[in-house]
Amino acid sequence: KKLNQQMADLAVQKIQLKVRKSKEDAVAKAAAQKALATAKKAAKTVKDTKSEATAVKAIATANQAVSQAKAETTAKTTTTAKTATVTPVATKMTSSSATVTNLNSSSSASVDTSSVVAAALSLANMKPGIPYVWGGASLSGMDCSGLTMFVYSKFGVSLPHSAAGQAAMTTRESVAAAQPGDLLFWQNGGGVYHVAIYIGGGAYVHAPSTGKDVSVGYISNFTPSFAGRL
């Protein structure tokens, strides 16, 4: 709960900085203040709720407000730069096209990790639970890599149906450096054999084993070998 509150408060602080930076521009300031109100409301929800899923969704809302505030500032900065710069028409068109391409690439490549965490938690909280099914990757049953594949597919990320294959797609991090939304991996002499989604606070969502449902696990009880960042 403390970690959730810190994440929500951080989102508010980021937008407060945007408000201060945009004080000389009425349009940008209005947009930042609107985003700030949304983030503050989300932070209050995190503080008041007793539901982990509700808290995570509120954090996602706060982070979305941060992204919106950044987008408004970027759009304004780009517009100002175009107005202030005098260049030949052909060069100006090329520069503009490159800017649009870069913005689109950034948007498509980024994944809101708070939303990933919320999606994973929603699977763990489903009633009745989702059973472990070897080779499964649906709400009727899933194995460990099927779960991570199912969640990330909702955000346009295609993962192989294999813990080892998913590990190969990530940038390896220590477990201590894991951030919410990262994948956690377990390995032995035969290689990587299990994967989960880290949700913060020393907890993760995984499909444990035959006879068990998708659930929340804890690093202190079943410690992964390393983390992987997509």
Side-chain angles (χ1 to χ4, degrees), residues 1-15 18 31 34-72 74 103-127 129-130 137-139 142 144-160 166 169-171 173 177-185 195-207 214-217 227-230:
K1 184 174 178 61
K2 183 178 179 181
L3 177 63
N4 286 339
Q5 192 63 59
Q6 289 173 340
M7 291 171 67
D9 291 342
L10 178 61
V12 172
Q13 291 167 14
K14 286 180 178 178
I15 301 180
K18 288 292 179 185
K34 182 179 178 181
L36 179 60
T38 299
K40 283 184 174 180
K41 183 178 179 181
K44 187 177 186 304
T45 298
V46 173
K47 181 179 180 181
D48 296 341
T49 187
K50 294 182 179 179
S51 166
E52 176 74 11
T54 300
V56 171
K57 289 179 181 178
I59 292 170
T61 299
N63 286 332
Q64 185 176 6
V66 173
S67 299
Q68 184 176 353
K70 287 181 178 179
E72 291 286 350
T74 300
L103 288 174
N104 288 340
S105 296
S106 176
S107 174
S108 62
S110 62
V111 175
D112 183 350
T113 53
S114 294
S115 297
V116 170
V117 170
L121 273 172
S122 69
L123 298 182
N125 292 330
M126 287 187 70
K127 302 296 181 185
I130 303 171
S138 70
L139 296 180
M142 53 183 65
C144 64
S145 59
L147 181 152
T148 51
M149 183 174 70
F150 180 89
V151 170
Y152 265 96
S153 70
K154 303 300 180 184
F155 304 95
V157 178
S158 179
L159 297 176
Q166 292 179 12
M169 291 181 62
T170 65
T171 299
E173 304 282 348
Q179 297 178 5
D182 285 349
L183 299 181
L184 299 178
F185 296 97
V195 60
I197 296 177
Y198 185 58
I199 60 174
Y204 50 80
V205 171
H206 68 152
V214 171
S215 60
V216 174
R229 189 159 301 151
L230 291 166

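The structure displayed is predicted, hence computed values, not measured ones.
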- Item | Interatomic distance, L123 atom CG to I130 atom CD1 [nearest 0.5 angstrom] | 4.5 Å
- Please determine which of T170, T171, D182 meets the side chain to side chain donor-acceptor pair (under 3.5 Å) test together with R229. D182
- Might you point out which heavy atoms bring P180 and V117 nearest each other, and give the distance in Å? CB-CG2, 3.8 Å
- How close do M142 and F150 get, heavy atom to heavy atom, and via which atoms? CE-CG, 4.1 Å
- Minimal heavy-atom distance between T148 and A196, with the atoms involved, is CG2-C, 4.1 Å
- Message: Closer than 3.5 angstrom, by distance alone: can the side chain of S115 be matched with the main-chain N or O of V111 as a donor-acceptor pair?
- Response: no
- Message: Can you tell me how far apart NE2 (H206) and OG (S145) are? Round to the nearest 0.5 Å.
- Response: 14.0 Å
- Can you name the closest pair of heavy atoms from A43 and V12 and give their distance? CB-CG2, 4.0 Å
- Item | Rounded distance (nearest 0.5 Å) linking atom NZ of K154 with atom OG of S122 | 9.5 Å
- Can you tell me how far the CG atom of L230 sits from the CD atom of Q166, to the nearest 0.5 Å? 8.0 Å
- Test V214 against every option in L139, N125, L147 by the side chain to side chain contact (heavy atoms under 4.5 Å, CB included) rule and name the one that passes. L147
- Euclidean distance, I197 CD1 relative to C144 SG, rounded to 0.5 Å: 11.0 Å
- So, for A227 and L184, which heavy atoms are closest and what is the spacing to 0.1 Å? CB-CD2, 3.8 Å
- Query: Just wondering, do I199 and L121 contact through their side chains at under 4.5 Å, heavy atoms?
  - Reply: yes
- Task: Output the distance between atom OH (Y198) and atom CG (L183), rounded to the nearest 0.5 Å.
- Result: 13.5 Å
- Message: Checking V216 against Y204 for the side chain to side chain contact (heavy atoms under 4.5 Å, CB included) test, could you report, in this order, the C-alpha distance in whole Å, the side-chain angles of both residues, the deciding distance, and whether it holds?
- Response: CA-CA 6 Å; V216 174; Y204 50 80; over 6 Å; no
- Are the side chains of Y152 and V116 in touch, meaning some heavy atoms are under 4.5 Å apart? yes
- Message: Is it the case that the side chains of D9 and Q5 hold a donor-acceptor pair, with the cut-off being a distance below 3.5 Å and no angle test?
- Response: yes
- Between T113 and Q179, a side-chain donor and acceptor under 3.5 Å: no
